[in-house]
Amino acid sequence: MSARQAVYNIGYLDEQTKRMIRRALLKAVAIPGFQVPFASREVPMPRGWGTGGVQVTAAVIGEDDVLKVIDQGADDTTNAVSIRSFFASVARVATTTRTDEATIIQTRHRIPETPLSEGQVLVYQVPIPEPLRFLEPRETETRRLHALEEYGLMFVKLYEDIARFGHIAKTYDYPVLVGGRYLMSPSPIPSFDNPKMHRNPALQLFGAGREKRIYAVPPFTSVESLGFEDFPFEPQRFDEPCALCGSTGGYLDEVITDDAGGSMFVCSDTDHCERTATRSGTESATGTEAIA
Amino acid sequence: MSTAARTPTIPAPGFADPTRDAQRAFRAVLDALAHPTRSYPLGGPAQPPPALGRGLGAVALTLLDEGCATWLAGPLGTDAETATWLAFHTGTRLVTDPADAQFVVADPASLPPLARLRCGTDEAPHHSATVLLDVRGATGTARFSATGPGIDGTADLTAPWADAGFLPQWTANTAAFPRGVDLLLVGEDTVAALPRTTRLHPRPEGEA
């Protein structure tokens, strides 16, 4: 007799849990940037490994979806591979590594370089949803600060950076103002990615499993990174091209190559890197110029 | 046929495939809220209570359960078949005061003033009502242009369900942001939405 395999509901979560998450998602979309509490469930991975993102994806995903999962931009890291195979098995969805072919992209700490299009859903895994948490530890107090739209604390923090370092030193999880109303944590994406959130045609959903919060940014919504008139927000920049594909304008990771201090900078978005490399390879082989 | 004769002892079936059908209906509702004024196709149960219809039936099966309170407005509130069907398939608590409800199911004629519904608090604006408005067979001529999150520039909204009193009420609803109610406009096979962030402006008659 063959061993019985456990049979899970489609999308892993039970229907009542999905309804609870779906109701939270609808309110999150209706109040852009506001953190809606939800009853976070256990999923087969530890809290802090993307359980919020997984629950949001599970509530949204259907069998006609195409799922892409990235971890720091990469499709081939442990977290990304296991979440992708999890949904391939419990939701029977097709998976892809190509940004333009995916209908749902679950991401940990990056926004793909390929511009997203209308109809796509970007699901962020969020560790600390409250942007004011390290400035004000009391949840009762941060809720009140959001209610009163009292975000002076955050501006003081940015000012102290300028006073101490001469520039705003926050390079990831850079606070944003959504729809001109709610201060929001974009999750620990590099500040390089912040401008991509502004008026993005895709629907952006955020799930924080351990902290039990869901929030959202609807398409074409203003997402403004905080700054001052004389010290405006400045995203990170890279001067050199990617050492693998030669593209410029993407976010680069430093990869250590030896024990002697050698390193190279390569695209963090593996799909973007691979496709750029393939494209430039074809170009040089055929001698034609592609207009990207 | 009298109401009593039509009320079955066994409620009509819900979704043919509860998991997949609910997922598809939810995506339609989510897409509608993310793209206000735009209409999305909605597939529903084959034999919903006639007073509810396929569209509202699908949204009810997708979103309602024992975790939320629902108020049925006007003739729907006295329709035994709908009450039995909702109780059997969703288990939602039916309340008698619209101010207590998370979900308000109404048609344009029976929709109470929006200010009477739950609009949440500044600290918890998500504790607010979602109105499931039955827009089947509405014959008005109201047209608005809409702006706000989810809309690229301006969108046109044909709103046959809106009467003269709707625009001032909705303007007050958007002005109370982050508090406010959200509106799902549910037809027989379609759903569109107006979240509290969508601002409506009147459009002169006959303007292209």
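Residue numbering restarts at 1 for every chain, and letters A, B, ... go by the order of the sequence lines. Reckoned from all heavy atoms, side chains included, excluding hydrogens, waters and symmetry mates.
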Pick one of side chain, backbone, both or neither for [X], based on which atoms fall under 4.5 Å of a heavy atom in chain B.
| X | answer |
| --- | --- |
| A:Arg143 | both |
| A:Glu118 | side chain |
| A:Gln16 | both |
| A:Val29 | side chain |
| A:Ala59 | backbone |
| A:Ile10 | both |
| A:Ile61 | backbone |
| A:Asp65 | side chain |

(message) Less than 4.0 angstrom from a charged side-chain N to a carboxylate O is my criterion; do A:Asp64 and B:Arg24 meet it?
(response) no

(request) Against chain A, label B:Leu61 side chain, backbone, both or neither, depending on which of its atoms sit under 4.5 Å from a heavy atom there. (result)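 Answer is backbone: N, CA, C or O of B:Leu61 sit under 4.5 Å from chain A.
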
(message) Is B:Thr121 in contact with chain A via its backbone, its side chain, both, or neither, using a 4.5 Å heavy-atom distance?
(response) neither

(message) Taking the six-membered ring for Trp, are A:Tyr174 and A:Phe233 closer than 6.0 Å centroid to centroid?
(response) yes

(request) Decide yes or no for B:Phe15 and B:Thr62: does some side-chain heavy atom of the first lie under 4.5 Å from some side-chain heavy atom of the second? (result)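 Counting from C-beta outward, B:Phe15 and B:Thr62 do come under 4.5 Å.
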
(message) Can you confirm whether B:Trp71 sits close enough to B:Phe103 that some side-chain heavy atom of one is under 4.5 Å from a side-chain heavy atom of the other?
(response) no

(message) Quick check on the interface: out of A:Pro218, A:Ala147, A:Pro219, who has the most heavy-atom pairs with chain B under 4.5 Å?
(response) A:Pro219

(message) Taking every non-hydrogen pair under 4.5 Å, which of A:Leu148, A:Ile31, A:Val36 racks up the most with chain B?
(response)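 When all of A:Leu148, A:Ile31, A:Val36 are compared, A:Ile31 has the most.
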
Please rank [options] by heavy-atom pairs under 4.5 Å with chain A and give me the top one.
| options | result |
| --- | --- |
| B:Asp182, B:Asp65, B:Leu64 | B:Asp65 |
| B:Ser128, B:Pro18, B:Gly153 | B:Ser128 |
| B:Asp122, B:Asp152, B:Thr197, B:Leu33 | B:Asp152 |
| B:Pro195, B:Cys68, B:Gly67, B:Pro125 | B:Pro125 |

(request) Please report the closest heavy-atom contact between B:Ile151 and A:Phe220, naming both atoms and the distance. (result)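 In this case the closest contact between B:Ile151 and A:Phe220 is O-CB, 3.8 Å.
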
(message) For B:His201, run the side-chain contact (heavy atoms from CB on, under 4.5 Å) check against B:Leu157, B:Leu167, B:Thr147 and tell me which one passes.
(response) B:Thr147

(request) Look up atom CZ in B:Arg179 and atom CZ in B:Arg118, then write down how far apart they are to the nearest 0.5 Å. (result)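 So the CZ of B:Arg179 and the CZ of B:Arg118 are separated by 14.0 Å.
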
(message) Is it the case that the side chains of A:Thr114 and A:Asp100 hold a donor-acceptor pair, with the cut-off being a distance below 3.5 Å and no angle test?
(response)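 No.
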
(request) Verify whether one side chain among A:Thr95 and A:Arg84 offers a donor that lies under 3.5 Å from an acceptor in the other. (result) no

(request) Examine distances only and state if a side-chain atom of B:Gln169 and a backbone atom of B:Leu114 form a donor-acceptor pair shorter than 3.5 Å. (result)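 Yes, the answer is positive, given that a donor and an acceptor are paired below the 3.5 Å cut-off.
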
